[in-house]
Participant: 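Pasting a structure here, questions to come.
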Amino acid sequence: MPELPEVEVARRSVADRIAGGLILAVHMGKPLRWPLQTDPQGLVGRQVVSVGRRGKYLLFHLDEGVLLVHLGMSGSIRFAEGLPPAGVHDHFTLVTTHGLLRLHDPRRFGAVVFAPGLDKPPATTLLSRLGVEPLSADFDEASFVNAVRGKQAPIKQVLLAGALVVGVGNIYACEVLFLAGIHPATRADKVARYRLCTLHGAIKSVLAAAVAAGGTTLRDFSDANGDAGHFQTHAKVYGREGLACTVCGTPIKRMVQGQRSSYFCPNCQRG
DNA sequence: AGATGTCCCTGGAAGC
DNA sequence: TGCTTCCAGGGACATC
């Protein structure tokens, strides 16, 4: 499923080609997570100026307004050559002078939302409560450590909530907690400072490495040109319940937090 | 207000 | 072999 690195890879794979393109037509498939909130035909004639990203949202900046695209857990965008008929899971198609871009999303957790501007609803509703970008200079160690220690929820859920730092999904959350030696159920304000410093570094390095490698292809991820990622996440804990910890040999355990599986090594992750 | 629970959806895997 | 059940996940929203 696309987490931040995959969304960033998707962004890079479409940005250069789509920029400057005029929207010729818009086709909608089955409804996605939230309504577009505008007449799709109103997008026709607008120009795509650039493609940005905030958290896991792709931002298609138009000459007037912005199109927010979320890939959910099974979404991918891809340029289609020619004018092939939409498949059953192609729920949004942008026909432009610079190519035909499709959003393919079998589970429809994705979203396409139009906003008149980034500083206007519904963009503000979706983006305002997002935390810091983990790959930006704003993600500094001291601020992160202090913010985490102001929370009482389990550390895993603080990471997933995205209010402090965005883009850390379930898989990367499990992995970075393992690297930092932190048990996922530990209350955020009870985690030792030195472990949070390690966690901060792990978030930065793991996400950056994943972006550099073209994302992780755990579940059929590919970029807009159909190229798969090369970040072979030999996950150290995720999905490895019952298997030996790569560090100490203890069987990896699984627990459920907030309806989601957390994988951890009961020996390596204590604090 | 902060923490926790619920729900949306469907393909693939596992179980009978 | 063919059915049914379970599971995965991001994040808005409801509830405590």
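Numbered from 1 within each chain, the chains take letters A, B, ... in sequence-line order. Here the structure is a predicted model, which means the values were calculated and not measured.
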Participant: Regarding A:P154, tell me which of base, sugar-phosphate or nothing describes its non-hydrogen contacts under 4.0 Å with the strands shown.
Facilitator: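 The answer is sugar-phosphate, as A:P154 gets under 4.0 Å only of primed atoms, P, OP1 or OP2.
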
Participant: OP1, OP2 of C:dG11 versus side-chain N and O of A:H70: anything below 4.0 Å?
Facilitator: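 Checking A:H70 against C:dG11: at least one side-chain N or O falls below 4.0 Å of OP1 or OP2.
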
Participant: End-to-end bend of the helix from B:dG2-C:dC16 to B:dC16-C:dG2 (five-pair axes, 10° rounding)?
Facilitator: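 For the helix from B:dG2-C:dC16 to B:dC16-C:dG2, the axes at either end differ by 50°.
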
Participant: Counting any heavy atom closer than 4.0 Å, what does A:Q259 reach on the DNA or RNA strands: base, sugar-phosphate only, or nothing?
Facilitator: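 The answer is base, as A:Q259 lies within the cut-off (heavy atoms under 4.0 Å) of a base atom.
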
Participant: Grab the CG-C1' distance between A:L68 and C:dG11 for me, whole Å please.
Facilitator: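 Whole-Å distance recorded here is 14 Å.
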
Participant: Please say whether the positively charged group of A:R33, taken as NZ for Lys or CZ for Arg, lies over the ring of A:F109, i.e. under 6.0 angstrom from the six-membered ring centre and within 45 degrees of the axis.
Facilitator: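 Because its charged atom sits under 6.0 Å from the ring centre and within 45° of the axis, A:R33 does stack over A:F109.
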
Participant: If I take atom NE2 in residue A:H104 and atom P in nucleotide B:dT10, what distance separates them, rounded to the nearest angstrom?
Facilitator: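 For the pair A:H104 NE2 and B:dT10 P, the rounded distance is 13 Å.
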
Participant: Over how many whole Å does the gap from A:L160 atom CG to C:dA12 atom P extend?
Facilitator: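 The distance from CG of A:L160 to P of C:dA12 comes to 13 Å, rounded to the nearest Å.
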
Participant: Please evaluate the base of C:dG10 for a donor-acceptor partner in the side chain of A:R107 within a cut-off of under 3.5 Å?
Facilitator: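 No pair found.
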
Participant: Going by an N to O cut-off under 4.0 Å, is there a salt bridge joining A:E6 and A:K56?
Facilitator: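 No.
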
Participant: Answer with base, sugar-phosphate or nothing: what part of the nucleic acid does A:G110 contact at a heavy-atom distance below 4.0 Å?
Facilitator: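 No contact.
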
Participant: Rounding to a whole Å, what distance do you find between A:F109:CZ and B:dT6:C1'?
Facilitator: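 After rounding, the gap between these two atoms is 12 Å.
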
Participant: Would you please confirm or rule out a distance under 4.0 Å between OP1 or OP2 of B:dC9 and any side-chain N or O of A:H89?
Facilitator: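 No, A:H89 has no side-chain N/O under 4.0 Å of OP1/OP2 on B:dC9.
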
Participant: Flag the pair A:L126 / A:V113 as yes when at least one side-chain heavy-atom distance between them is below 4.5 Å, and no otherwise.
Facilitator: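 Contact flag for A:L126/A:V113 side chains = yes.
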
Participant: Which nucleotide in the list B:dA3, B:dT10, C:dA12 gets nearest to the side chain of A:R33?
Facilitator: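 Looking only at heavy atoms from C-beta outward on A:R33, the closest nucleotide is C:dA12.
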
Participant: Roughly, in whole Å, what's the span from CH2 in A:W34 to P in B:dC9?
Facilitator: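 Spelled out: CH2 on A:W34 to P on B:dC9 is 14 Å.
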
Participant: Atom CD of A:Q157 and atom C1' of C:dA12: how far apart are they, to the nearest Å?
Facilitator: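 Going from A:Q157 (CD) to C:dA12 (C1'), I get 16 Å.
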
Participant: In Å and rounded to the nearest 0.5 Å, what is the CD1 to NE2 distance from A:I77 to A:H104?
Facilitator: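 Spacing of CD1 (A:I77) from NE2 (A:H104) equals 13.0 Å.
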
Participant: Whole-Å distance between B:dG2 C1' and A:D189 CG?
Facilitator: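 Between C1' of B:dG2 and CG of A:D189: 12 Å.
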
Participant: Distance to the ring centre below 6.0 angstrom and angle to the axis at most 45 degrees; does that hold for A:R17 and A:F79?
Facilitator: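 Yes, A:R17 lies over the aromatic ring of A:F79.
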
Participant: Could you go through the ring-ring contact (aromatic ring centres under 6.0 Å, His included) check for A:F264 and A:F178 one step at a time?
Facilitator: CA-CA 6 Å; A:F264 64 100; A:F178 173 76; over 10 Å; no

Participant: Given that A:G258 and A:K151 both sit by DNA chain B, which one's nearest nucleotide is further toward the 5' end?
Facilitator: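 Taking each residue's closest nucleotide, the earlier one in sequence belongs to A:K151.
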
Participant: Closest to the A:R129 side chain: C:dA8, C:dA12, C:dG11?
Facilitator: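 Minimum distance to the A:R129 side chain belongs to C:dA12.
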
Participant: Heavy atoms, side chains only, cut-off 4.5 Å: are A:T96 and A:L22 in contact?
Facilitator: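 Result no, sub-4.5 Å side-chain heavy-atom pair not found.
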
Participant: Have a look at A:R108 and say if it touches a base, only the backbone sugar-phosphate, or nothing, with a 4.0 Å heavy-atom cut-off.
Facilitator: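 Touches sugar-phosphate only.
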
Participant: Can you tell if the side chain of A:V132 reaches within under 4.5 Å of the side chain of A:V166, non-hydrogen atoms only?
Facilitator: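 Not in contact.
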
Participant: What is the separation between atom CZ on A:R187 and atom C1' on B:dT4, rounded to the nearest whole Å?
Facilitator: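 Interatomic distance, CZ of A:R187 to C1' of B:dT4: 14 Å.
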
Participant: At less than 4.0 Å, is any side-chain N or O atom of A:S261 found next to OP1 or OP2 of C:dA8? Yes or no.
Facilitator: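 For C:dA8, OP1 or OP2 has a side-chain N or O of A:S261 closer than 4.0 Å.
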
